[in-house]
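Here the structure comes first, spelled out in structure tokens, and everything after it is commentary.
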There are 2 protein chains.
Amino acid sequence: MEEAIQALAEPRRRDILTLVFGREMKAGDIAAHFSVTRPAISQHIQVLKRAGLLHERRQGTCRYYRARPEGLEDLRRFIEQFWDYRLQLLKAAAEEEERRESAR
Amino acid sequence: MEEAIQALAEPRRRDILTLVFGREMKAGDIAAHFSVTRPAISQHIQVLKRAGLLHERRQGTCRYYRARPEGLEDLRRFIEQFWDYRLQLLKAAAEEEERRESAR
DNA sequence: CTATTTCGTTAGTTGACACTTACGTAAGTC
DNA sequence: GACTTACGTAAGTGTCAACTAACGAAATAG
């Protein structure tokens, strides 16, 4: 999870991930979407790959990438843990409200 | 969301958030849990607060903090979007498997 | 009012990281 | 073999952020 959240903390890497979400793209085509140089994007891709957030498929000299949602599993659990607590708070607040309603 | 994910990218800030998850704690007591200096923790707390991830309550000279799950809403949506896609892929794979089963 | 406690804030330093330029590599094409 | 295409990698640079030490502020105790 450490690597995944570090990878997502960079806005451009989130953009890359969104770009290859649900469809494969060549490294060069990905880089073409950004204003920074191609090596910069290549380095971002390596970070995402190392974090388990990208899947690579090689064909000839090209490398195709697509998002790999499984890499988000741990981070998702971390977030969801807090979110469930929020729902629990909301439920408790609603019940409190109901008690006050019926007490009138 | 930008501020939230930046805040969570730092391991110590995640530790702080976990520490005040479901219970209030004084700033000093939070700092006592870590090996770095108190000002360092204080700065982390400010980052978390600015990101909307912490709630502050002042009483006398003390400041009590607790996790504020609502601050995770946007980030949660971002993660969940990819996760839903994963479930969709799994479902498609299962149906494919079923088709091959019944075709035998 | 002075002293103490509990904090936040500022200044300065160090390390990490995103970037560019230059180079290396692997798979075709002629 | 030499050339091209589509990449990754290495070296060097500037920026930002996490930290410590020193200081400031606000509430309370005596």
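These numbers come from the heavy atoms of this one structure, side chains and all, not from hydrogens, waters or symmetry mates. Residue numbers start from 1 in every chain, and the chains themselves are labelled A, B, ... in the order their sequence lines are given, proteins ahead of strands. Bear in mind the structure is a predicted one, so any value in this text is a computation, not a measurement.
- Across the protein-nucleic acid pair, His44(B) atom NE2 and dC7(C) atom C1' stand 16 Å apart, rounded to whole Å.
- As judged by a 4.0 angstrom heavy-atom cut-off over every strand, Arg58(B) is placed among residues making no nucleic acid contact.
- Taking atom CD of residue Gln6(A) and atom P of nucleotide dG15(C), one finds them 18 Å apart after rounding to whole Å.
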Carefully, step by step, assess Arg68(B) and Glu56(B) under the rule salt bridge (Lys or Arg N to Asp or Glu O under 4.0 Å).
CA-CA 10 Å; Arg68(B) 190 177 166 279; Glu56(B) 182 188 283; over 6 Å; no
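- One interatomic measurement links the two molecules: CZ of Phe34(B) to C1' of dT20(D), which rounds to 17 Å at whole-angstrom precision.
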Checking Arg77(A) against Glu73(A) for the salt bridge (Lys or Arg N to Asp or Glu O under 4.0 Å) test, could you report, in this order, the C-alpha distance in whole Å, the side-chain angles of both residues, the deciding distance, and whether it holds?
CA-CA 6 Å; Arg77(A) 252 203 304 272; Glu73(A) 183 158 7; 3.7 Å; yes
Protein-nucleotides 6-15 of chain D N/O pairs closer than 3.5 Å?
residue: dA6(D); atom: O4'; partner: Thr61(A); partner atom: OG1; Å: 3.1
residue: dC7(D); atom: OP2; partner: Gly28(A); partner atom: N; Å: 2.9
residue: dC7(D); atom: N4; partner: Arg38(A); partner atom: NH2; Å: 3.3
residue: dG8(D); atom: OP1; partner: Gln46(A); partner atom: NE2; Å: 3.4
residue: dG8(D); atom: OP1; partner: Tyr65(A); partner atom: OH; Å: 2.5
residue: dG8(D); atom: OP2; partner: Ser42(A); partner atom: OG; Å: 2.7
residue: dG8(D); atom: O5'; partner: Ser42(A); partner atom: OG; Å: 3.4
residue: dG8(D); atom: N7; partner: Arg38(A); partner atom: NH1; Å: 3.3
residue: dG8(D); atom: O6; partner: Arg38(A); partner atom: NH2; Å: 3.0
residue: dA10(D); atom: N6; partner: Gln43(A); partner atom: NE2; Å: 3.1

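- Counting to the nearest Å, the P atom of dC16(D) and the CD atom of Glu10(A) are 12 Å from each other.
- Of the residues near DNA chain C, Gln59(A) and Arg13(A), the one whose nearest nucleotide (by heavy atom distance) lies more toward the 5' end is Arg13(A).
- When the C1' atom of dC7(C) is taken as reference, atom CD1 of Ile30(B) falls 12 Å away, rounded to whole Å.
- The number of heavy atoms from other shown groups lying within 6.0 Å of CD (Glu98(B)) does not exceed 12.
- Side-chain contact between Glu10(A) and Gln6(B) is absent, with no heavy atoms from C-beta onward closer than 4.5 Å.
- Taking atom CG of residue Leu8(B) and atom P of nucleotide dA17(D), one finds them 15 Å apart after rounding to whole Å.
- A straight line from CD1 of Ile5(B) to P of dA17(D) spans 15 Å, rounded to a whole angstrom.
- Between the C1' atom of dC17(C) and the CD atom of Glu3(A) lies a distance of 15 Å, rounded to the nearest Å.
- You'll find the side chain of Phe82(A) stays beyond 4.5 Å of the side chain of Arg76(B), heavy atoms only.
- Counting only heavy atoms from C-beta outward, the side chains of Leu8(B) and Phe78(A) approach each other to under 4.5 Å.
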